[in-house]
Protein chains: 2
Amino acid sequence: MDRRILKSREAIVEAFVALMAEKNFEQITINEISERANVSRGTVYLHYTDKFDLLDQCIKSHLVELIESFLPCGATGIFPSKASLLHTFQYLGQHAFFYAAVLANKGVPMFRYRLQAALLRGLDKQIDMNGINRDMNKEMLIQFLTSAIAGMIEWWITNSMPYTDVEVVEQLWALMERNQMVPQPFDKGMTI
Amino acid sequence: MDRRILKSREAIVEAFVALMAEKNFEQITINEISERANVSRGTVYLHYTDKFDLLDQCIKSHLVELIESFLPCGATGIFPSKASLLHTFQYLGQHAFFYAAVLANKGVPMFRYRLQAALLRGLDKQIDMNGINRDMNKEMLIQFLTSAIAGMIEWWITNSMPYTDVEVVEQLWALMERNQMVPQPFDKGMTI
DNA sequence: GGAAGTTTGTTTACTAATGAACGAATCCAG
DNA sequence: CTGGATTCGTTCATTAGTAAACAAACTTCC
């Protein structure tokens with residue numbers, strides 16, 4: 001890909017996200033975006049039809065990344081696994097600026113919904129309905145899981161990540177075990 | 001000016017200076033520069049005939065800035081003044097990365113010479129030969145001043161600025177007063 | 001309500017940047 | 001010495017980005 005395209009897109013998105021952290025989506029103008037991005041206004045229209053399209057593409061690409069953070073280590077393991085959960089929260093921590101901006105921005109409702117929808121799409125493909133989940137209703141299991149995780153994500157990001165990614169995943173995993181949503185740990189007193 | 005030109009030049013110079021801080025000038029290639037600058041190799045040749053030209057333009061523009069730092073507050077005051085000296089060292093502190101790179105780089109001799117030559121050019125125009133300097137030989141005065149200042153600059157930068165700009169100027173100014181190179185302070189016991 | 005000023009989205013002609021190709025020069029290992 | 005690999009400096013056709021202009025749709029404020 002022509003590096004000019006990548007550089008322009010990157011500059012525009014970066015400026016846009018920075019502005020979203022400062023003010024509501026509605027009161028952001030294309031003028032501001034192009035100025036902040038140090039790019040001609042025409043260039044913005046060259047890549048995005050309007051600021052709604054820009055927002056949409058931003059959210060889409062980030063949610064694709066989020067889904068990909070589930071399964072970074074090749075085909076190793078099935079979700080839900082503690083390792084893949086940790087990857088996701090590590091990714092979120094690295095892109096907290098964006099997620100905080102869209103979650104907090106009053107001009108961007110629906111993001112919470114799209115977040116959960118993305119989790120659902122990602123989870124649906126790779127969840128293992130054998131073993132522990134054999135007798136569960138998949139639809140309900142996924143709904144429960146994605147709600148829980150989305151809620152944790154929203155809380156963690158909007159509260160400025162008050163705990164480390166490891167700590168959050170530790171807690172979340174414990175809750176999932178308690179609710180029999182994941183493979184149970186071996187009982188310490190158990191004999192084989 | 002077309003912002004593409006500014007952006008390309010900026011990226012190239014930034015990459016070049018960063019590389020100079022890492023390795024000798026001779027072993028820096030145009031390939032490396034264009035890669036680091038995230039710019040096509042042809043773009044480098046579009047702005048600079050070769051890496052010597054790049055180095056030359058870098059040094060030239062920085063020395064112009066250095067001279068301009070002498071007289072930032074309009075036509076206020078004559079050099080040497082404590083305020084203008086401070087401006088110069090403030091400027092140097094802000095661009096220490098570049099000056100450290102060229103001063104330390106074994107592939108860039110002559111820089112010390114050009115530094116002093118720039119100081120000399122800047123000083124020659126605005127030094128006040130009346131008053132305290134009435135009976136001095138201008139050529140020798142300027143030679144003395146520029147040597148002293150250039151030496152201080154080189155020491156300050158290559159030693160990672162071990163004192164603040166204010167401290168350095170304080171010391172330098174005291175030395176200049178002691179040598180009657182600047183207007184003498186009013187004697188505390190003096191009556192008008 | 002209406003004048004003055006923004007912002008929007010589109011179009012224009014122009015120019016800078018791109019990547020690819022090329023032969024020549026230079027470097028370096030075998 | 002020799003042959004493979006880099007780097008050099010240049011050329012080329014294509015494309016992305018540019019500033020400027022424009023009318024239309026908005027705010028804002030008197």
Side-chain angles (χ1 to χ4, degrees), chain A residues 1-61 101-102 105-111, chain B residues 1-61 64 101-102 105-110:
Chain A
M1 175 94 76
D2 195 315
R3 65 208 325 153
R4 286 174 293 181
I5 297 175
L6 297 174
K7 283 193 266 188
S8 291
R9 291 228 179 104
E10 197 181 352
I12 291 166
V13 167
E14 190 184 330
F16 176 56
V17 174
L19 283 166
M20 273 213 296
E22 292 173 16
K23 51 169 77 175
N24 275 349
F25 173 74
E26 304 118 15
Q27 52 207 21
I28 296 174
T29 72
I30 301 282
N31 271 326
E32 278 178 308
I33 296 169
S34 65
E35 243 174 77
R36 172 93 58 127
N38 194 21
V39 145
S40 178
R41 199 162 62 88
T43 305
V44 178
Y45 286 108
L46 212 65
H47 294 279
Y48 309 97
T49 64
D50 50 31
K51 60 175 186 164
F52 303 98
D53 181 42
L54 172 53
L55 174 65
D56 192 59
Q57 289 195 36
C58 266
I59 292 176
K60 270 207 182 92
S61 64
V102 285
N105 201 300
K106 291 204 188 353
V108 189
M110 304 290 292
F111 180 74
Chain B
M1 174 94 76
D2 195 316
R3 67 211 321 156
R4 286 174 294 181
I5 297 175
L6 298 173
K7 281 192 268 187
S8 292
R9 290 226 180 104
E10 198 181 352
I12 290 166
V13 168
E14 190 184 328
F16 176 56
V17 175
L19 283 167
M20 273 212 296
E22 291 173 16
K23 50 168 76 176
N24 275 350
F25 172 74
E26 305 117 16
Q27 51 207 24
I28 295 173
T29 72
I30 301 282
N31 270 327
E32 278 178 308
I33 296 169
S34 65
E35 244 173 75
R36 173 93 58 126
N38 194 21
V39 146
S40 178
R41 197 163 62 90
T43 305
V44 178
Y45 286 108
L46 211 66
H47 294 280
Y48 309 97
T49 64
D50 50 31
K51 59 175 186 163
F52 303 96
D53 181 44
L54 173 53
L55 174 65
D56 192 60
Q57 289 197 36
C58 264
I59 291 176
K60 269 206 182 93
S61 65
V64 166
V102 284
N105 201 300
K106 292 205 189 350
V108 189
M110 303 291 293

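Chain identifiers are assigned alphabetically (A, B, ...) following the order of the sequence lines, protein sequences preceding nucleic acid strands; residue numbering begins at 1 within each chain. Given the structure is predicted, the values throughout are model-derived calculations rather than measurements.
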* Please determine if a side-chain N or O atom of B:T43 lies less than 4.0 Å away from the OP1 or OP2 oxygen of C:dA16. => no

* Asked: Would you say A:Y45 reaches C:dG9's phosphate, i.e. side-chain N/O to OP1/OP2 under 4.0 Å?
  -> yes

* Between atom CD1 in A:I5 and atom P in D:dT15, what is the gap in whole Å? -> 10 Å

* Structure fact -> Out of D:dC8, D:dG9, C:dG9, minimum distance to the side chain of B:D50 belongs to D:dG9

* To do: Working to the nearest 0.5 Å, report the span between NZ of B:K106 and CD of B:Q27.
  => 11.0 Å

* If you round to the nearest 0.5 Å, how far is CD1 of A:I59 from CG of A:L54? -> 10.0 Å

* **Nearest-angstrom distance from the residue atom CD of A:E35 to P of D:dT18** => 13 Å

* To do: Could you tell me whether the side chain of B:Q57 reaches within less than 4.5 Å of the side chain of B:V13, counting heavy atoms only?
  => no

* **Integer-rounded Å distance: C:dC27 P and B:E26 CD** => 12 Å

* Structure fact -> Value for NZ (B:K23) from CD (B:E32), rounded to nearest 0.5 Å, stands at 3.5 Å

* B:F25 ring centre to B:K51 NZ or CZ under 6.0 Å, with the angle to the axis within 45°? -> yes

* Asked: Nearest of C:dA17, D:dT10, C:dT7 to any side-chain atom of B:S8?
  -> C:dA17

* Structure fact -> Sorted by position of nearest nucleotide on DNA chain C, 5' first, the leading residue of A:I28 and B:H47 is A:I28

* Asked: For A:K7 and C:dT18, is the shortest distance between a side-chain N/O and OP1 or OP2 below 4.0 Å?
  -> yes

* Has the side chain of A:R4 got a donor or acceptor that lies under 3.5 Å from a partner of the other kind on the base of D:dG17? -> no

* **Interatomic distance, B:R9 CZ vs C:dA17 P [rounded to whole Å]** => 8 Å

* Check the distance between D:dG17's P and A:L46's CG and give it to me in whole angstrom. => 6 Å

* Over how many whole Å does the gap from A:Y48 atom OH to D:dA16 atom P extend? -> 14 Å

* Structure fact -> Whole-Å distance, A:I33 CD1 to C:dG9 C1', equals 14 Å

* Structure fact -> Taken to the nearest whole Å, CD/B:Q27 to P/D:dT6 is 18 Å

* Taking the side chain of A:N31 as its heavy atoms from C-beta onward, which of C:dT8, D:dT18, C:dT18 lies nearest to it? -> C:dT8

* If you look at every strand shown and take non-hydrogen atoms under 4.0 Å, does B:T29 touch a base, only sugar-phosphate, or nothing? -> sugar-phosphate

* Structure fact -> Closest to the 5' end of DNA chain D, once A:N38 and A:R41 are matched to their nearest nucleotides, is A:N38

